[in-house]
Every structure is written in structure tokens, then in C-alpha cells.
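Lettering of chains follows the sequences in order, A, B, ..., and the numbering in each one begins at 1.
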Amino acid sequence: MGTVLAVLEQRDGTLKKVSYEVLSAARQIAEKTGDVVHAVVLGPPETDVTGLGAYGADNVTLVGDGRLELYQAGLYAGALVESVNAAGSTAILLAATALGKDLAPRIVARLGSALASDVIGLDYDNGIIAVRPVYSGKAIAKVKLSGAAPVVSVRPNAFAPLSDSRAGEVTQVALGEGIVARSETVQVKEPATATLDVAEASVIVSGGRGLKEPENFKLIEDLVAAFGGDAAVGASRAVVDAGWRSHAEQVGQTGKTVSPKLYIAVGISGAIQHIAGMRTAKVIVAINRDKDAPIFKIADYGIVGDLFEVVPKLAEEIAKIKQS
Amino acid sequence: MKIAVCIKRVPDTETRIKIADDGKSIVEAGIKFTLNPYDEYAMEEALKLKEAAGEGEVIAIAVGTDSSQETIRTTLAMGADRGILLRMEDAPHDVLATARILATELRDGDYDLILFGKLAIDDYSQAVGTMVGELLGIPSVSAVATLTISDGKGTAEREIEGGVEVVEFALPAVITADKGLNEPRYPALRGIMMAKKKPLEVRDVSWDSVQVELLSLELPPARAAGRIVGEGVAGVGALIEVLKSEAKVL
Ligand SMILES: Cc1cc2nc3c(=O)[nH]c(=O)nc-3n(C[C@H](O)[C@H](O)[C@H](O)COP(=O)(O)OP(=O)(O)OC[C@H]3O[C@@H](n4cnc5c(N)ncnc54)[C@H](O)[C@@H]3O)c2cc1C
Ligand SMILES: Nc1ncnc2c1ncn2[C@@H]1O[C@H](COP(=O)(O)O)[C@@H](O)[C@H]1O
């Protein structure tokens, strides 16, 4: 029996939501291969890794070390490669987050294995079969990975967390001696007000040039607030380039690729490069005063109208539902 | 400073993709190809660093077919000093294979810095640069939006979810460029004229083992036809209703 390794991500000692999705993706393979799902967490010794059996982990290793609090590329890659050797892995799964996208190619280069990035679907047939968007989401590739320990990074929100009941027994180990870092993360600068990242939110309200002025993003922020904790503000490139919003919020080809449950595009025309970033959203809503705007071609539901009237009303109605 | 910039020829972002009859490739006829947008940021950064240092050499390196010569010429027109095409008939779908070819080329090149784009907008792997750094055993920082280099050391900032990571490293190093790093210059007419005379070396290469096999390429499933639920404020009620009962997302 082999192992499917699920690499879980923590921030400030708390596991990120996307980690449960990685476990779910790992289970999907393990069900086909009969392997066990082994979760690995790299973080400070006090990281809470209990209860992961309920999300599909057969067992859990915490590589606990104060130096692993921030993402340290060399230490993380070194520690993981040790876990892989120890476990004889059928596959290694990570989340396609900023961390996962940096870490995955490192372990692939060190192990000489195969990589599939930003995967939205998985199967197994004498090897991992991964489904992944290419050409900015304008095409979908299906690839087969061969060789030992192939690595897959899964796109956030593409796999739903499971509810399971497994042992999830935790072993804590120390960071291996002699693992070297060639660079050092010295700091993470966080914005004064912590906001949910657009790539991780399950509801996204994005604003575009139709808002006319940066101050009017208040309307977008109010609608996001009405949804509560799980929503985030997104932006088109036009407003990011104009300096109204930060690049961190940009959705699209040169911004983030998102797959939320609900995506609301407000005053966004729907350029091909924007659509590239959000077409895998489960439900798309567009609010635009131009009934011929291309965004309506991919939206599930649309309102043709002036966003300055529609958005405040929508925020009011959503707030009512969320409060009841 | 001797700086290498690895560049890729990719379909223009406006391109509508058509799948070829083999079900594994795209129809290239009629497609406009360009320099990968993230590689433009990498090239601009290299040129800026060379200009700031007042001396040095910027070398553009591409793995690809003969048509990549045109893409290399674009970077020569921007200001790169020379180009190298590592020529092959068709590209592997295994990014590690590409990374190995580049690492072999770069290993003994005595580069102070090796720059990549964060991501190639065709294969969307976001991997090659970081892999090359590992294969060469030198520091690498990916998706960099701010870069400072001085006295053989560097500091890079990269965007992460809800924050910015600050990373320190020593040269030589690999950096992959994100949007925001700089504003790429457009080749001026003079640059375009000069590019024609700059050296572009072409060498044939091949890859050995490939562990990623492309099974199929398809267009994304068409989204079911949507509908306009209403006009103006009057549409809000209808929208709430469908989000609740039909889409079940509220
Ligand atoms: C290489 C490259 C990469 C790119 N990457 C990205 C990317 O990652 N993300 C991205 O978004 N774009 C990207 N773009 C840019 C893209 O092509 C578009 O220019 C951009 O998406 C347009 O932004 P917008 O929809 O906000 O603005 P516009 O196209 O100007 O649209 C504004 C919309 O608002 C509507 N509107 C105006 N007033 C109102 C009102 N009162 N009420 C309701 N509606 C109103 C208008 O009808 C219009 O549809 C890229 C372009 C290139 C060349
Ligand atoms: N065939 C290639 N030739 C040269 N550089 C490449 C090639 N493929 C990828 N790269 C570089 O690696 C970066 C990331 O590509 P990828 O990992 O494929 O998304 C690109 O932005 C280029 O800088």
C-alpha cells in the first residue's frame, strides 16, 4: 500500500481552508489506488493539526519548528523531500496558492518527478490523470503523469472538503538536520486591515471601470460586507492599472484565477483576459448598463441597469437574508 | 552584470483558441504569437539593472522552434545584447524537461542573475524558473513584484494571499517576474534596426525523459446560456430569487 501525500498549509499556526480541499483531492486518488492519505504540515510546533481525520487524513505528520512559521522555500522543500522519501508516495498534492506554486516546482526538480499545476479535476488509471486549464483557461488539458512521486497543485475551490471519520493520528517530528535554505523570508507585510484574499473567497464582487471613480468602490465593499466573512473584493485590470485598487485584487489573465461559488461582476465589460480569470466560477452574475456587454455572454444571471442604483439595493437585500 | 532572461513565444492574449483535429494541439494558422507578457517584465528588469550598473550584458534565451527567433529579435529590439535559440522540433509537455534544457545551458554561463516570467500564458505552469533555480542549486524567488539588487545581494517582494513576503538572497540567483515589477518599454525604431545586426546563436537541443503526457486538449465546457433577470433596481428581487432557489448560492 502506498501513500498519497497531502501537503497542508498553515498561516500563523492555523490551517488554511484550502488545506481541507487538498485532503479531499488526495482522498479522491486514494479511493482509486487503495493508498492511505498522509497529511504533512510544516509549521511552528504549536500548529493545531488535530481533527484532520474528519476531513480524510489517515495520519498526520507535523514537521514542527519555529523556523517554519513563515514560508521558507529551502526549508520547506528540504523537509518535504524527506517526507516523500520516507513514505514512498504515489502522489504529492498541494494547493495552488502563492506558497504551493513556489513549493511544487522545487520538489519536482529535486525528485525529478512530473508536475501538473493548478489542477481542477483528478482521476487515476495506472497513473495520475489531471485536468487543468491552459491558454488562460481558453482550453482544458488532460495530462497523465508517470514516474515516481508526481506532484499536483490543486486550484482553490475546485475540490469540496469531505466529511469523513479516520484516525488522523498525529506524529510530530523535528526539521531534519542539514536542510539548508538558500534564501530567507524575513518578513510578511500585512495590510492594516486584514481582508480575505480574492483567490480564497467563496463569494467575489468585482468592480470595473463602470464605477467611474476609486471612491465608488465603497459600493462594492458594502456589498462584500453584506455577504459576511467569506466574501472578497475583486477588480478588473483597468481599475488596477488606473491605481484605484491593488494588484492583489486583480482577476484575470495577469491577475488571479478564481473559482468562487458566486462571482458578481459590476461595471466590468468582460474582456477575454478578464473572463480567463473567472470563467470557472460556479455562478456568475453581471450588472452592467450595456445589454450588449460581453460579460452577459458568460454570466448565468444578469441585470441590465445602472450599478449606482442596483448595487446598493442588492447589498440591502443580501444583508437582510444574511441577518435572518 | 551578466544577466540571462529566459523567454517564450506564446499566442497573443486576444487569441481565440481552436483545437486541431488531433485533439491535442491548437490550430496555429491565423494566430498572432508574441513574447510572453511576464517575460516582458523580466526583460525590462534585466535592462534596467544593466543600465543602473552602467555595464554588463543581457542575453535572451528561448527553447523552441525556429519561429522563436522572431520573439528573440523582439527582445533584442528592446535592448538585449544577444540571443540564443535552443532549437527543437516540438515542445515537451513536461516543464521539468524544459527546465533541464535551460539549466544545462545556464550552468556554466557565469550569470549574476537569471530572470524568468512568473508564468507562461500558454501552458500556465508557473514552474520553469523555480525549477531551474533548484537544478542549478542557487537561490530563487518567484512571482516577484519588487526587486532591489546591491553588493551581490538582493531583496525581493512577492505577493501572497493577504500580504507581501519579503525575501533576502545572495547572487547568483533566479527571479521570476510578476506584473507590477516595472513598465516594459516598447522597442523603438532605432532598436528594431539595431536588433537585426545583433548576434543570435541557434543550437539544436533535445530532451531525454518526459513524464507528462498530454492526453487531450478541449475547449472549456460552454457555460449554459444565461439570462437577463431584470432591468435596473427592479431586477434585484428577481436576482435574489434565482440565486436562492435555482443557483442555491444564498
Ligand atoms: C496582456 C493583457 C493582459 C490583461 N490582463 C487582464 C486581467 O488580468 N484582468 C482584466 O480584468 N483585464 C485584463 N486585461 C485588460 C482587458 O483587456 C480590459 O481592458 C479590461 O478588463 C477592461 O476593464 P473593465 O471591464 O473594468 O473596463 P471597461 O472595458 O471600460 O468596461 C466598463 C464597463 O462598465 C459598464 N458601465 C459603465 N458605467 C456603468 C454604470 N453606471 N452602471 C453599470 N455599468 C456601467 C460599461 O457598460 C462597460 O461594460 C489585459 C489586457 C492585456 C492586453
Ligand atoms: N520554452 C521556453 N524557453 C525559454 N523560457 C521558457 C520556456 N518555457 C518557459 N520559460 C520560462 O519560464 C517561465 C515560466 O513558464 P511556465 O513554468 O511554463 O509557466 C516563462 O515565463 C519563461 O520565462
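Counting heavy-atom pairs closer than 4.5 Å to chain B, the top-ranked of the candidates A:K282, A:Q250, A:E184 is A:E184. Most heavy-atom pairs under 4.5 Å with chain B: of the set A:V310, A:L145, A:V186, A:L314, this distinction falls to A:V186. Most heavy-atom pairs under 4.5 Å with chain B: of the set A:A114, A:S136, A:S117, A:P150, this distinction falls to A:S136. In terms of heavy-atom pairs under 4.5 Å with chain A, the best-connected choice from B:T130, B:T176, B:V128 is B:T130. Note: A:A139 leads A:A139, A:G305, A:A77 in heavy-atom pairs under 4.5 Å with chain B. Ranked by heavy-atom pairs shorter than 4.5 Å toward chain A, the options B:Q126, B:E157, B:E231, B:R227 are led by B:R227. Comparing B:V210, B:I19, B:I26 by heavy-atom pairs within less than 4.5 Å of chain A, the highest count is held by B:I26.
Looking at A:K256, the atoms closer than 4.5 Å to chain B (heavy atoms on both sides) all sit in the side chain, from C-beta outward. Using a 4.5 Å cut-off between heavy atoms, A:S246 makes no contact with chain B at all. Contacts between A:V203 and chain B at a heavy-atom distance below 4.5 Å are absent for every atom of the residue. At a 4.5 Å heavy-atom cutoff, the contact between B:V242 and chain A is made by backbone and side-chain atoms alike. Contact annotation for A:Q72: neither backbone nor side-chain heavy atoms come within less than 4.5 Å of a heavy atom of chain B. For chain B, the nearby part of A:I272 is the side chain; its heavy atoms alone come within less than 4.5 Å. Residue contact with chain B, scored on non-hydrogen atoms closer than 4.5 Å, involves the side chain of A:V240 exclusively. In this structure, chain A has a heavy atom under 4.5 Å from the side chain of B:L96, while its backbone stays farther away. Heavy atoms of A:Y301 lying under 4.5 Å from chain B belong to its backbone as well as its side chain. Contacts of B:L239 with chain A are made by side-chain atoms alone, with heavy-atom separations under 4.5 Å and no backbone atom involved. With a threshold of 4.5 angstrom between heavy atoms, B:L217 approaches chain A through its backbone and through its side chain. In this structure, the portion of A:R11 lying under 4.5 Å from any heavy atom of chain B is its side chain and not its backbone.
When the heavy atoms of residues 127-134 of chain A are compared with those of chain B, the residues falling under 4.5 Å are A:I129, A:R132, A:P133, A:V134, listed by number. Identified by a heavy-atom distance below 4.5 Å to chain A, the contributing residues of residues 97-118 of chain B are B:R100, in residue-number order.
Here the side chain of B:E161 pairs a donor or acceptor atom with the backbone of A:A98 at under 3.5 angstrom. A donor-acceptor pair is defined here as one N or O able to donate and one able to accept, closer than 3.5 Å; such a pair exists between the side chain of A:D197 and the backbone of B:G162. Side-chain atoms of A:K313 do not come within 3.5 Å of backbone N or O of B:G237 as any donor-acceptor pair. Formation of a donor-acceptor pair under 3.5 Å by the A:R279 side chain with backbone atoms of B:P220 is not found in this model.
Note that NZ of A:K291 and CD1 of B:I228 are 9.5 Å apart. Values are rounded to the nearest 0.5 Å.
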Report all side-chain donor-acceptor pairs from residues 137-144 of chain B shorter than 3.5 Å, counting only partners two or more places apart or in another chain.
residue: B:S140; atom: OG; partner: A:R106; partner atom: NH1; Å: 3.0
residue: B:S140; atom: OG; partner: A:R106; partner atom: NH2; Å: 3.2
residue: B:S142; atom: OG; partner: A:D102; partner atom: OD1; Å: 2.4
residue: B:S142; atom: OG; partner: B:R158; partner atom: NH2; Å: 3.3

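Residues forming a side-chain hydrogen bond (donor to acceptor under 3.5 Å, both in side chains) with B:S125 (at least two apart in sequence, or on another chain): B:D123.
Under the 3.5 Å distance criterion, with hydrogens and angles disregarded, a donor-acceptor pair is assigned to the side chains of B:T13 and A:Q273.
By the 4.0 Å N-to-carboxylate-O rule, A:E317 lies too far from B:K244 to be salt-bridged with it.
By the 4.5 Å heavy-atom criterion applied to side chains, B:E134 and A:I107 are not counted as neighbours.
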Chi angles and distances behind the side chain to side chain donor-acceptor pair (under 3.5 Å) call for B:E165, A:Q187: CA-CA 6 Å; B:E165 226 164 56; A:Q187 186 196 350; over 6 Å; no
